[in-house]
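What follows is a set of notes on a single structure, which appears directly below.
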Amino acid sequence: CFECCIKCLGGVPYASLVATILCFSGVALFCGCGHVALTGTVTILESHFSKVTSDHAMLTDVIQLMQYVIYGIASFFFLYGIILLAEGFYTTSAVKELHSEFKTTICGRCISGMFVFLTYILGVAWLGVFGFSAVPVFLFYNMWSTCAAMRSPVANLTNIDSICVDVRQYGIIPWNAMPGKACGSTLGDICNTSEFYLSYHLYIVACAGAGATVIALV
């Protein structure tokens, strides 16, 4: 019985198991945190930067579409991770030794090769997702650092109303959107809102989740 357990443990593809867990964790962090962060971003824009609904209607539609895409990504990778883990179990050398009477066919090799190719394609795609998810982190960091500079006693600012953040320059909303920017105490109030704090940190976690998924797929 002990030898049988040792053989069974030897047949576990630990590398595939760790990669699957890391992939599940990364996708879950990216999808969950990204979905909530996008909702918070819409709330911030509607409350402080674009008071007219028609000005950010396209952005709202794009964000809703991205949230639906997130649902699809989560569902797909849940199934794909399970399939990859099962494929890893059946292709370990230890399992082949336990079931030596079963020989590898050309079809089986083609299926394994297809999974390897598809995994690397998905890895490249997630590398793009990782880069894209860093964009909102950069935008929120710029706003946060501006607010931190206004509160810093070392800055010695005489007129904080001259310090502004204009989100129109990033192409998020059109140039005719009003007010489009926040200055001075208004900007400080935005940085102190729970929506800003939560969205900023959720974007960071989502970006880290995308990075973990890239590592898992490599």
Side-chain angles (χ1 to χ4, degrees), residues 25-74 125-214:
S25 302
V27 171
L29 287 175
F30 173 79
C31 293
C33 296
H35 184 276
V36 179
L38 287 172
T39 303
T41 302
V42 173
T43 303
I44 294 173
L45 287 174
E46 290 178 344
S47 302
H48 304 286
F49 293 100
S50 181
K51 301 297 180 66
V52 181
T53 306
S54 59
D55 290 338
H56 58 269
M58 180 179 294
L59 177 64
T60 303
D61 293 338
V62 171
I63 289 178
Q64 288 180 349
L65 179 62
M66 292 174 64
Q67 289 176 329
Y68 287 127
V69 170
I70 284 176
Y71 296 146
I73 291 174
W126 269 98
L127 191 61
V129 172
F130 173 69
F132 179 76
S133 62
V135 174
V137 176
F138 172 74
L139 299 182
F140 272 77
Y141 174 76
N142 280 345
M143 189 179 297
W144 176 82
S145 60
T146 303
C147 292
M150 289 193 302
R151 293 192 297 264
S152 176
V154 183
N156 193 20
L157 299 174
T158 56
N159 185 16
I160 63 172
D161 290 332
S162 61
I163 300 177
C164 301
V165 170
D166 193 342
V167 298
R168 293 173 296 186
Q169 64 181 335
Y170 300 115
I172 300 175
I173 54 177
W175 280 103
N176 59 353
M178 295 300 294
K181 63 180 181 180
C183 302
S185 59
T186 303
L187 178 61
D189 293 337
I190 295 174
C191 293
N192 291 329
T193 59
S194 58
E195 289 86 3
F196 178 86
Y197 182 84
L198 183 62
S199 298
Y200 177 40
H201 289 84
L202 285 178
Y203 275 127
I204 294 175
V205 177
C207 184
T213 306
V214 172

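Heavy-atom minimum distance, F196 versus C191: CD2-O, 3.6 Å. When every heavy atom of S50 is checked against every heavy atom of P179, the shortest pair comes out as N-CD, 4.3 Å. Shortest non-hydrogen contact noted between A206 and G34 is CB-N, 3.9 Å.
To the nearest 0.5 Å, the span separating NZ on K181 from OG1 on T186 amounts to 11.5 Å. Here the NE2-CD1 distance, from H48 to I190, works out to 5.0 Å after rounding to the nearest 0.5 Å. For the atom pair CE of M66 and CD1 of I73, the computed distance is 9.0 Å after rounding to the nearest 0.5 Å. If you take CZ on F132 and CG on L127, they are separated by 14.5 Å, rounding to the nearest 0.5 Å. Put simply, OG1 on T41 and CG on L202 are 9.5 Å apart, with the number rounded to the nearest 0.5 Å. One distance of note links CD1 of I204 with CG of L29; it measures 13.0 Å at 0.5 Å rounding.
Under a cut-off of 6.0 angstrom, the local environment of CZ in F138 is sparse, with at most 12 non-hydrogen atoms contributed by other residues, nucleotides or ligands. The local environment of OH in Y197 is sparse, with at most 12 non-hydrogen atoms from other residues, nucleotides or ligands closer than 6.0 Å.
Side-chain atoms of W175 and D166, non-hydrogen and from C-beta on, do get closer than 4.5 Å to each other. Using a 4.5 Å cut-off on side-chain heavy atoms (C-beta onward), Q64 and V42 make no contact. You'll find the side chain of F49 stays beyond 4.5 Å of the side chain of R168, heavy atoms only. Here the side chains of V27 and W126 are in contact, with some heavy-atom distance below 4.5 Å. Looking only at side-chain heavy atoms (C-beta outward), T213 and V129 stay at 4.5 Å or farther from each other. The shortest side-chain heavy-atom distance between L59 and I173 falls under the 4.5 Å cut-off.
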For this session: Applying side chain to side chain contact (heavy atoms under 4.5 Å, CB included), run through I172 and L139 and close with a yes or a no.
Result: CA-CA 10 Å; I172 300 175; L139 299 182; 3.7 Å; yes
Exercise. Run the side chain to side chain contact (heavy atoms under 4.5 Å, CB included) check on F130 and C207 step by step: do they pass?
Worked result: CA-CA 6 Å; F130 173 69; C207 184; 3.6 Å; yes
Exercise. Yes or no on side chain to side chain contact (heavy atoms under 4.5 Å, CB included) for L187 and C147, after CA distance, side-chain angles and deciding distance?
Worked result: CA-CA 7 Å; L187 178 61; C147 292; 3.7 Å; yes
For this session: Show the numbers, then the answer: is there a side chain to side chain contact (heavy atoms under 4.5 Å, CB included) between M178 and K51?
Result: CA-CA 6 Å; M178 295 300 294; K51 301 297 180 66; over 6 Å; no
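Aromatic ring centres of F140 and H201: separated by at least 6.0 Å.
Side chain of S199 to backbone of E195: a donor-acceptor contact under 3.5 angstrom is found.
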